[in-house]
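Written out below as C-alpha cells is the structure these notes cover.
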Amino acid sequence: MKIRNPYTGVYDYELVEDSGQDILKKTNDIRLAQKEWKLLDITERVAVLKKWIASFTEFQLEITEQLAIDTARKRIAKVEVSGIIGLMQAWSFRAPQLYNPPSERPSVSANTVMIGQQWVPYGVVGVISPWNFPLLLALIDTIPALMAGCGVLLKPSEVTPRFMDGLEKSIQAVPELAKVLKLVRGGAEAGKAVVNNADAICFTGSVPTGKKIGAVCADRFIPAFLELGGKDPGIVLKDADIEVATDAVLRSAVGATGQACQSLERIYVDTTIYRDFVKKITAKAAAVTLTTDQNKGQMGPLIFEQQAEKIQEQIDDAVSKGAKVLTGGKVEAINGGLWCAPTVLVDVDHTMKVMTEETFGPLVPIMSFSTEDEALRLANDSIYGLSASVFSRDIEKAIAMGSQIEAGAISINDGSLTNKVYDAEKNSFKDSGINGSRMGDAGFLRFFRKKALLIQTAHPETMANFEETSS
Ligand code: NAD
C-alpha cells in the first residue's frame, strides 16, 4: 500500500500488508506463548513492561519523528509519545494493586461448599485502531490487556502506519514481550482477519466499521469493546464566563485540526450572550495560525484525504441550506497538503449534516437557545453519545444539566477533558460505543473472566433427597 504524507500530499511510504496466513500464524504463535504469559505472577509481567518502557524510551525519538510525519503534528506527536510512557508507568503501578482475586471462602448459600475464584484473561485480544492519534489509540488498550495476562494482536490504521517501524523495534528489544505482542500491517482486510482470529476485540474507529465488527463478534460469540465516533455538544449557559467558554470551545473544536473523537462539534449558546460569544470566538478562530511552513503555527493539515472531502461536503451542505460562514470555510490545497482554517458557522440547524453527522475537522457550528430544556433537547438530538461540555459559573447547575445529557463523559467549564483524564471510568452512550470502559480500573479488569472453583467439603447430596412424597 502506498501511504500519503499529509504535509506534501506525496505517497512516499510503502506499507507491506500482512496476508491472512501471516495473521493466522501470528495469532497461533501468540496463543501458544500466552499460555505461559498468563501464568506469570503479575509482578513478573510488570517487570517485562518496565523493560519495554526502557526500550520504548530508547526508540522514542525515532517513533516521535515517524508519528510526526504520519500526523503532520510535531508537538502533539511528542505529547502522544510521552503520554504513552506515562500510561505504561501508570499501569505498572496500578495493575498489581487491582489484580486481587478473592481468597478461598465458604459459600453463604451452600455452607459446605468452599469457593475458590480465579481471574482468567482472554487468550488473544485483537486491537484495531484509527489514524487520528495512531500511537495512543494503538496502545491504550494493549498495555492493560498485556498486564492482565492476555496476548495482543495489534493492527493500527493503514492511513498512519510509519510509527509501527519504531514501535516494532522497541517490542523486539524485549523478547518476552515480542512473543505475546505482535503487530499486523494492513487495512480493512487485515482488520477482518484479526476479528476472525482473536478471542476478544478492542476496536476504536468509526460507527459504521464498529457496527460491522460488532456483528462479526456477535456471530463468533466473542466480546467486542467498541469505542466509536462522536458529535459532542457544548452548552454555554447565560452565566458562563465567555472568555473561558470561547477559549475552551475553540481549543476543543479545532485542536489537532478537530481530528479527535471528543472534539466539541456543535455549540448551543444562551440567546442572551449569543452575539457576544459568536463575536469573541470568531475573532479567536481567525487568529489561529496554520503550520504551513512546518516549523511554526498552531494547527496542522488534515491527515486523511477522504475526511477532507467530507468536511467540505458538510460546509457546502450547511451553506446551501442557509448557514453563514464567519471565518474559514474552505478546504484548500497548500504545497500538496489539505488545509481547513478554523471555520465558524452560524444560522445552522439540525437539518444540516454539520449538526448531525461526525465532522472530524475544525468546524465550529453555533446555534442559540432560549431555554435550558431547549438546549438539552438539541444536545440529545443525536445518534451519538460520546461526551459533552457545559459552561456555567454555577457548578451545581452545570452538573444538573450534564446529568441530563445522554453521553458518557461531561466536561464542565472545559472541553474534551477525557483526553487528559484517564482514571475516570466512562461508558459510551448510544452509537458511540458499547461494553466495559477503557478508562479507570475497568480498563484492566474487563480483560478477565471470573472462574468459580466450587469445592464440596461434605458428602454430596444423593438421589434420596429427590424422593417424591404424597404430602
Ligand atoms: P475506521 O472505522 O475507518 O477504521 C478504524 C480501523 O478499522 C482501521 O485500522 C481500519 O483499517 C480498520 N477496519 C476498517 N474496516 C474494517 C473491518 N471491516 N474489519 C476490521 N477492521 C476494519 O475509522 P478511522 O477513520 O480510522 O477513525 C476515525 C473514527 O474513529 C472516527 O469516527 C472517530 O470518532 C473514531 N474514534 C473514536 C475514539 C473513541 O475513543 N471513541 C477515539 C478516536 C477515534
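Remember, predicted model here, so these are calculated numbers, not experimental data.
- For the pair V354 and I315, the minimum side-chain heavy-atom distance is 4.5 Å or more.
- Using a 4.0 Å cut-off between a side-chain N of Lys or Arg and a carboxylate O of Asp or Glu, K169 and D165 do not qualify as a salt bridge.
- In this structure, a donor-acceptor pair under 3.5 Å is absent between the side chains of K26 and N197.
- No hydrogens or angles considered: a donor-acceptor pair under 3.5 Å links the side chains of Q314 and T359.
- Ring-plane geometry between W119 and F448 is classed as tilted, the angle between the planes lying from 30 to 60 degrees on a 0 to 90 degree scale.
- Side-chain contact, T292 with W339: no donor N or O sits under 3.5 Å from an acceptor N or O.
- Salt bridge R393/D241: present, at least one basic N to carboxylate O contact under 4.0 Å.
- Using modelled atom types, one side-chain atom of S432 and one backbone atom of L386 make a donor-acceptor pair closer than 3.5 Å.
- When side chains are defined from C-beta on, F203 does not count as touching E227, because their heavy atoms never get closer than 4.5 Å.
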(request) Output, in order, the C-alpha distance, side-chain angles, deciding distance and verdict of side chain to side chain donor-acceptor pair (under 3.5 Å) for D414 and S411. (result) CA-CA 6 Å; D414 205 341; S411 298; over 6 Å; no

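- Remark: D232 does not engage R266 in a salt bridge, criterion side-chain N to carboxylate O under 4.0 Å.
- Using a 4.0 Å cut-off between charged nitrogen and carboxylate oxygen, E176 and R45 do not count as a salt-bridge pair.
- Ionic pairing of D18 and K25 is not present here: no N-O contact between side-chain nitrogen and carboxylate oxygen is shorter than 4.0 angstrom.
- Using a 4.5 Å heavy-atom cutoff, the side chains of Y99 and P96 are not in contact.
- A salt bridge does not link E425 with R446: none of the charged nitrogens is closer than 4.0 Å to a carboxylate oxygen.
- The shortest distance between side-chain heavy atoms of I53 and I85 falls below 4.5 Å.
- Ion pairing of D12 with R162 is present here, as a side-chain N (NZ or NE/NH1/NH2) and a carboxylate O approach within less than 4.0 Å.
- Within the 4.5 Å cutoff, no side-chain heavy atoms of V125 are placed close to those of L154.
- Side-chain contact of N427 with S437: a donor-acceptor pair under 3.5 Å is absent, judged by distance alone.
- Using a cutoff of 4.0 Å between basic side-chain nitrogens and carboxylate oxygens, K192 and E189 are scored as salt-bridged.
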(request) For side chain to side chain contact (heavy atoms under 4.5 Å, CB included), just list the numbers for M299 and T291, CA-CA rounded to whole Å, side-chain angles, deciding distance to a tenth of an Å, and then say yes or no. (result) CA-CA 6 Å; M299 207 188 81; T291 62; 5.7 Å; no

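- Ring centroid separation for the pair W131 and F360 comes in under the 6.0 Å cut-off.
- No side-chain donor from either of N419 and S416 sits under 3.5 Å from a side-chain acceptor of the other.
- Looking only at distances, a side-chain donor or acceptor of W37 sits under 3.5 Å from a matching main-chain atom of L146.
- Counting only heavy atoms from C-beta outward, the side chains of D199 and R31 approach each other to under 4.5 Å.
- A cation-pi contact links R73 to F133, judged by a cut-off of 6.0 Å to the six-membered ring centre and 45° from its axis.
- When only modelled atom types and interatomic distance are considered, S428 and Y384 share no side-chain donor-acceptor pair under 3.5 Å.
- Residues R94 and D441 are paired through a salt bridge, judged by an N-O separation under 4.0 Å between the basic side chain and the carboxylate.
- Although no hydrogens or angles enter the test, the distance criterion places a donor-acceptor pair under 3.5 Å between the side chain of D22 and the main chain of S19.
- Of the charged side-chain nitrogens involved, at least one lies within less than 4.0 Å of a carboxylate oxygen, so that K231 and E265 count as a salt-bridged pair.
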